[in-house]
Visitor: 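Sharing a structure, written as structure tokens. Questions coming.
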Protein chains: 2
Amino acid sequence: MLKGRHIVLVEDDEIMGGSIYQRLRLEGAVVHWVKQVARAVGAIRTPGHPVDAVVCDIRLPDGSGEDLFFRLSDSVSLPPFLFVTGHGGVDQAVRLMRAGAADYIQKPFEMSAFLQRLSLLVGAGSSEIDHFVGISAAATAVEDLVRRAAQVNQPAMIRGEHGTGKGRIARALHGLSADRAQGFHEVDFAKQGASLIFDRLMPDAEGTALVGSGGTIFLNALARMPREAQDRLAEALERDPLRARLISACGREMDQALADGAFRADLFYKLDVIDIPVPPFRDRPDDAIWLMMRLFEAKNADRDPPLAGISARTEEAMRAHVWPGNGRELRSRVIRGLEMARGTLLMPADVFPDRPEVAETRAELPSLATVRDAAERRQILLALETTGGQVGEAARLLQVSRTTLWEKMQKLGI
Amino acid sequence: MLKGRHIVLVEDDEIMGGSIYQRLRLEGAVVHWVKQVARAVGAIRTPGHPVDAVVCDIRLPDGSGEDLFFRLSDSVSLPPFLFVTGHGGVDQAVRLMRAGAADYIQKPFEMSAFLQRLSLLVGAGSSEIDHFVGISAAATAVEDLVRRAAQVNQPAMIRGEHGTGKGRIARALHGLSADRAQGFHEVDFAKQGASLIFDRLMPDAEGTALVGSGGTIFLNALARMPREAQDRLAEALERDPLRARLISACGREMDQALADGAFRADLFYKLDVIDIPVPPFRDRPDDAIWLMMRLFEAKNADRDPPLAGISARTEEAMRAHVWPGNGRELRSRVIRGLEMARGTLLMPADVFPDRPEVAETRAELPSLATVRDAAERRQILLALETTGGQVGEAARLLQVSRTTLWEKMQKLGI
DNA sequence: GGGGGATGTTCGGAAATCCTGACAGCCTTC
DNA sequence: GAAGGCTGTCAGGATTTCCGAACATCCCCC
């Protein structure tokens, strides 16, 4: 149960901490042991890997575990917390449980019981949400939208550049909907013979159609839908509400098609009830890294010998790349990189053989202060942009005081 | 808040039971005192009256309160359980809380604290009285006022901030009045076309009007009533007492409208015979909790999977919130929170993703600290890689001291 | 087995950062 | 033209961060 799970252990006592640490390691968990509240905040809020559970002592040198929990519970959605303490009482236990702690164990305890209860949380912990777009804020927003769209039977339109995984999102939407058992029918107008498939889906003169009873019709590359098919669909929608769920996907080229009349505007608006915009990878580098990790894990296992990991510089290079081909490009780059890699790590040169300059950055690294400032600067600008230049509002978004933000803006020259 | 509530008290100790029983009676609760598990099962599962809460001892002559709880928890919906015990320990408390008990108090306890915690639970449960404003003293006062207003046919004026549910109160008043069958006609002057609707309600030159025979006219956003309509209404009132019941609603802006003459003072006083002031949510946090509970119960049932409950921290945060948007804001927050929640409880971060009072949803940004940490983490990894894992060397590259780098690595879990 | 160098860790003080609070302008909006 | 909301600015104090110093280890190489 615990194998491969990421667990943060917050415990200052050497003996106790050591024994828990050892045991969890033995069980195959990846344990991050911190001894102070301040450390724990960072480890839980900005983890290198999603945290599956937190095992937390109450009495700590620089504060209490309770403080830690309350502080975090205001700002982020938390992994399950298991409190472990020798000094607590019923009141504390009840208070914490009511506040949302997952479990509470008194010292001394049986290690086996402890492990069992921890496994329970980890198993239940839905911190491993089923991501199908990515882990960035933008991606989870899209996922939420898809989930909601799946609840109502309204035509949905997925809009995004090439390779952003519109097809996969459509399939996910179908899979989340109530009548997922009813079949998923894709018509890709970028392919030959799309019209034939489409014809079988639409009601004919006698009103019979393949999808009369439900299911999902996915119209891919909608902008290239033939005019004649558009007319038939519009007419079918007009005559009688379709039983099937309609999902369509298109890219930037739809603007053009609408402008020059190649696509009927009235039909477009009928299909665009729920709009699901998928941002390109260049706007969400975290997802590029996430997707790379997934691909790496999947494909590296087949490799002989498997690589030990991914160079941090590769991540850096991916973050900087603009991804004109989005997910499709990423996929092919990673797979090719895995084949080409010679050392033990996946290096930038493996993934970007076409960009020799990424390999050469050996000498000097920007200092920590530099990148920190750069990151802050980017974020501040982003916040200011979303608030339309309102400083106070931006400060709230960034969770600093207005004065601090002002100071930083002075310092960074914004 | 216990007045009129039905509470089952399960306690075998005469002294303890008697004292609780007396006190609860004093508070106005209807208490059903049983001294055995067997009796309690019946009293709770097949009560003569819906039970609002159960106060339960653990050690009982024919079993334990824990058994009672587990036995009942198989059946459908349990009232909130508050356990009271002198012998229990942390383990028991945690076990019960995890199983869904609402609270757990150790003997001996302060009676006042006990009552407070019990009230909290009871507030959550649905009550016998048909509340439509809230459960706080202020809200029940408003409800009483509405009930009385329904008895007499005098113009009533509901005054309250945006989102305090003035429309709902008006409808409730209508529903409580004798001629509720006569129809309810709303004219919302904040909306387009209000004047047209208004015209059809007012007697014309021939003295005929839509509401000549009764019913209720509800003038919403009264302060924005056009001057011309004011004149017509004043005239109609002057000429002949209207058959219909008049309810109007306005907010703070009416003071302004009266001051600068945008609203006729004479008309205002004619409409303000029965004054129903609705206090804002910030002045009655109990109602915020109550409304949240109602919404939670209603919407959580549709959720998949349903949440187990609401974190005590969330209640606390709601209590502290000022609710600039009052009920409307609360509603949208709770509904969004239910969508966003990831764990098993509704946490503060779900309901208040934006810390302070921003009424509308705002795309949440990672905090400055988060991106700063993330940037540092990346750079540190990069440096460590280029130095081949040599910490001291990496520190030099990053231009920080070795100690600092070590600290950061601790904090970030590297 | 004994340096030498690197790391893991703690400590105390200096330096910075951040927050609260306050006040003055400078806009809108009544 | 008064009020209220927002920004620019500053001060003072509480925290946090950062650094240098200091040990104890640990490992490698001689």
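To find a chain, count down the sequence lines: A is the first, B the second, and so on, and within it residues start at 1.
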Visitor: Would B:Asn326 and B:Thr164 count as a side-chain hydrogen bond (donor to acceptor under 3.5 Å, both in side chains) here? Give the steps.
Guide: CA-CA 6 Å; B:Asn326 287 298; B:Thr164 42; 5.3 Å; no

Visitor: Where do N or O atoms of nucleotides 21-27 of chain C meet protein N or O atoms at under 3.5 Å, pair by pair?
Guide:
none

Visitor: On the ring face of B:Trp406, is B:Lys408 found with NZ or CZ under 6.0 Å from the centre and within 45° of the axis?
Guide: no

Visitor: I need the CG-C1' distance between B:Leu398 and D:dC19, as an integer number of Å.
Guide: 15 Å

Visitor: When you measure from the centre of the six-membered ring of B:Phe281, is the NZ or CZ of B:Arg284 closer than 6.0 Å and no more than 45° off the axis?
Guide: yes

Visitor: Send over the distance from B:Trp406 CH2 to D:dA22 P, rounded to a whole Å.
Guide: 19 Å

Visitor: Test ring-ring contact (aromatic ring centres under 6.0 Å, His included) on A:Phe81 and A:Tyr104; report intermediate values, then the result.
Guide: CA-CA 8 Å; A:Phe81 262 65; A:Tyr104 185 103; over 10 Å; no

Visitor: How many Å lie between CE on A:Met409 and P on C:dT17, as a whole number?
Guide: 17 Å

Visitor: Please write out the pairs of protein N or O atoms and N or O atoms of nucleotides 1-6 of chain D separated by less than 3.5 Å, giving the distance to one decimal.
Guide:
none

Visitor: If we check side-chain contact (heavy atoms from CB on, under 4.5 Å) with B:Asp188, which of these qualifies: B:Asn220, B:Ile197, B:Leu219?
Guide: B:Asn220

Visitor: B:Glu393 CD to C:dG5 C1': how many Å, rounded?
Guide: 13 Å

Visitor: Tell me, yes or no, whether the heavy-atom count around B:Arg227 atom CZ, taken from other residues, nucleotides or ligands under 6.0 Å, exceeds 12.
Guide: yes

Visitor: Separation of B:Asp255 atom CG from C:dC30 atom C1', in whole Å?
Guide: 13 Å

Visitor: Can you see whether A:Thr85 engages A:Gln106 through a side-chain donor-acceptor pair at a distance of less than 3.5 angstrom?
Guide: no

Visitor: Answer yes or no: is there an ion pair linking B:Arg232 with B:Glu228, defined by an N-O contact shorter than 4.0 Å?
Guide: no

Visitor: Let me know the distance between CZ of A:Arg39 and C1' of C:dT10, rounded to the nearest Å.
Guide: 11 Å

Visitor: What pairs of nitrogen or oxygen atoms, one from the protein and one from nucleotides 16-18 of chain D, lie under 3.5 Å apart?
Guide:
unit_1, atom_1, unit_2, atom_2, d
D:dC18, OP1, A:Arg372, NH1, 3.1
D:dC18, OP2, B:Lys408, NZ, 2.8

Visitor: Does atom CZ (B:Arg319) have a neighbourhood of more than 12 heavy atoms from anything else shown, all under 6.0 Å?
Guide: yes

Visitor: Do B:Arg402 and B:Arg396 touch side chain to side chain, with heavy atoms closer than 4.5 Å?
Guide: no

Visitor: Are more than 12 heavy atoms from other residues, nucleotides or ligands located less than 6.0 Å from atom CD of A:Gln410?
Guide: yes

Visitor: Rounded to whole angstrom units, what separation is found between the CG atom of A:Asp62 and the C1' atom of D:dA14?
Guide: 16 Å

Visitor: Can you measure B:Leu368 atom CG to C:dC19 atom C1' for me and round it to whole angstrom units?
Guide: 14 Å

